[in-house]
Amino acid sequence: MSARPQYYTRTAQILHWLMAAIFITAWFIGFYSGNFLSYNADGAFKGNVITLHKNIATPILFLIVIRIFWRYTHPSPKLPKNMSIPMKKIAHLIHWILYFILLALPITGCLFSWSAGHPAPVLYLFNLPTLIEPNPNLTAIVKPIHVYLSWFAGLLIVGHIFAALKHHFIDRDNVLKSMTSQGKS
Ligand code: HEM
Ligand code: HEM
């Protein structure tokens, strides 16, 4: 049996920060498009902004598959001893919810686009294969799921960031460092 490490592997760290950067960028662009732009004002601009949102967000679908595989094969560091058992359980639960969101948001985003008859493009390079026919009834279901889930994700990530900062600056433990360093150098 191998002991639990003190730090996430370099690969896990790179995947975490790369996906966090993509996620937060896609979130703000989606939120801007959904709440501050209207088709009446300037349809072409709004269309370009949504297209940017999709092109940035779709790589999450590929990265999450690698990340789940990596997480499954590489144990995460132990949480600090001074955390209570219920707090550790809550921290783990939130991590699993974040993984779920990393899968569910791009999937509902793609279903939303396809069901409305639009493509799901990746980094302006290619479109994901369209898996469903246009279907307004499905749009009516997946659109609110995508929107409400994105708001829930926003709240959860604000909490996640505050928790990381609290660990670092108030509890002064190893939690943030476990995601930024390898403990050497
Ligand atoms: C990490 C992944 C994603 C995040 C964090 C995210 C986040 C968001 C947010 C915050 C909104 C605005 C919700 C509102 O109206 O308040 C939104 C809207 C939207 N998202 Fe996503 N999304 C993601 C992935 C995707 C993907 C992969 C697609 C499609 C391929 C997509 C398509 C859309 C569309 C079409 C809208 C509506 C925009 C509008 O009404 O102007 N999303 N998303
Ligand atoms: C500036 C923003 C962020 C900071 C400072 C941050 C910080 C951290 C830290 C310190 C950990 C290790 C926690 C621990 O071991 O208990 C962690 C884990 C994690 N973070 Fe973040 N994070 C950020 C953004 C995000 C975003 C946007 C997402 C995804 C939507 C995310 C998803 C996760 C997940 C799923 C884990 C669990 C990793 C695992 O154990 O497999 N993080 N984060």
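When a ligand or atom number is given, it counts from 1 through the structure's own listing order. In this chain, numbering begins with 1 at the start of the sequence shown.
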Check: Is it the side chain (CB and beyond), the backbone, both or neither of Leu165 that lies under 4.0 Å from ligand 2, heavy atoms counted?
Finding: neither

Next item on the list: Can you figure out which of Ile161, Ile157, Leu15 has its heavy atom closest to atom 30 (C) of ligand 2?
Entry: Ile157

Notebook entry, point to check: Based purely on interatomic distance, does Thr58 place a nitrogen or oxygen under 3.5 Å from a nitrogen or oxygen of ligand 1?
Noted result: no

Next item on the list: Write out the residue and atom name of the closest protein heavy atom to atom 5 (C) of ligand 1, then the distance separating them to 0.1 Å.
Entry: Leu105 CD1, 3.5 Å

Check: Nearest protein heavy-atom contact for atom 32 (C) of ligand 2: which residue, which atom, what distance?
Finding: Leu98 CD1, 3.7 Å

Notebook entry, point to check: At what distance is the nearest protein heavy atom to atom 12 (C) of ligand 1, and which residue and atom is it?
Noted result: Gly30 O, 3.1 Å

Item checked: Over-ring placement of Lys143 relative to Phe112, 6.0 Å and 45° cut-offs -> no

Next item on the list: Determine whether the aromatic ring centres of Trp27 and Phe31 lie less than 6.0 Å apart.
Entry: yes

Note to self: If I apply the N/O under 3.5 Å rule, does Lys54 come out as touching ligand 1?
What the structure shows: no

Checklist line | Residue and atom name of the nearest protein heavy atom (relative to atom 15 (O) of ligand 1), distance in Å to one decimal | finding: Gly34 CA, 3.6 Å

Notebook entry, point to check: Which of the numbered atoms in ligand 2 are below 4.0 angstrom from a heavy atom of Arg67?
Noted result: 32 (C), 33 (C), 34 (C), 35 (C), 36 (C)

Notebook entry, point to check: Looking at atom 24 (C) of ligand 1, what's its closest protein heavy atom, distance included?
Noted result: Ala57 CB, 3.4 Å

Notebook entry, point to check: Between Phe112, Phe36, Trp114, which one has a non-hydrogen atom sitting closest to atom 34 (C) of ligand 1?
Noted result: Phe112

Check: Would you say Lys46 has any N or O atom under 3.5 Å from an N or O of ligand 1, going by distance alone?
Finding: yes

Notebook entry, point to check: Is ligand 2 under 4.0 Å from a heavy atom in the side chain of Leu102, in the backbone, in both, or in neither?
Noted result: side chain

Next item on the list: Only heavy atoms count here, so choose which of Lys143, His146, Met19 is nearest to atom 19 (C) of ligand 1.
Entry: His146

Notebook entry, point to check: Counting only heavy atoms, which portion of His95 has something under 4.0 Å from ligand 2: side chain, backbone, both, or neither?
Noted result: both

Notebook entry, point to check: At a non-hydrogen distance cut-off of under 4.0 Å, which region of Val175 contacts ligand 2 (side chain, backbone, both, or neither)?
Noted result: both

Next item on the list: For ligand 2, note which part of Trp17 has a heavy atom under 4.0 Å away: side chain, backbone, both or neither.
Entry: side chain

Next item on the list: Pick, from His92, His160, His167, the option with the minimum heavy-atom distance to atom 7 (C) of ligand 2.
Entry: His160

Checklist line | His16 and ligand 2 - part of the residue with a heavy-atom distance under 4.0 Å | finding: side chain

Note to self: Quick check on contacts: which atoms of ligand 2 are under 4.0 angstrom from a heavy atom of Leu176?
What the structure shows: 10 (C)

Next item on the list: Identify, for atom 16 (O) of ligand 1, the protein heavy atom at the shortest distance, and state residue, atom and that distance.
Entry: Asn35 ND2, 2.7 Å

Check: Does some non-hydrogen atom of Trp151 fall short of 4.0 Å from ligand 1?
Finding: yes

Check: Is His53 touching ligand 1 with its side chain, its backbone, both, or neither, if touching means heavy atoms under 4.0 Å apart?
Finding: side chain

Next item on the list: Mark up the atoms of ligand 2 that fall under 4.0 Å of a heavy atom belonging to Ala20, in ascending order.
Entry: 24 (C), 25 (C), 26 (C), 27 (C)

Next item on the list: Report yes or no: does a heavy atom of His118 sit under 4.0 Å from some atom of ligand 1?
Entry: no

Notebook entry, point to check: Can you tell me if Trp27 has a non-hydrogen atom under 4.0 Å from ligand 2?
Noted result: no

Next item on the list: Please work out whether any backbone atom (N, CA, C, O) or any side-chain heavy atom from C-beta onward of Ser113 is under 4.0 Å from ligand 1, and answer side chain, backbone, both or neither.
Entry: side chain

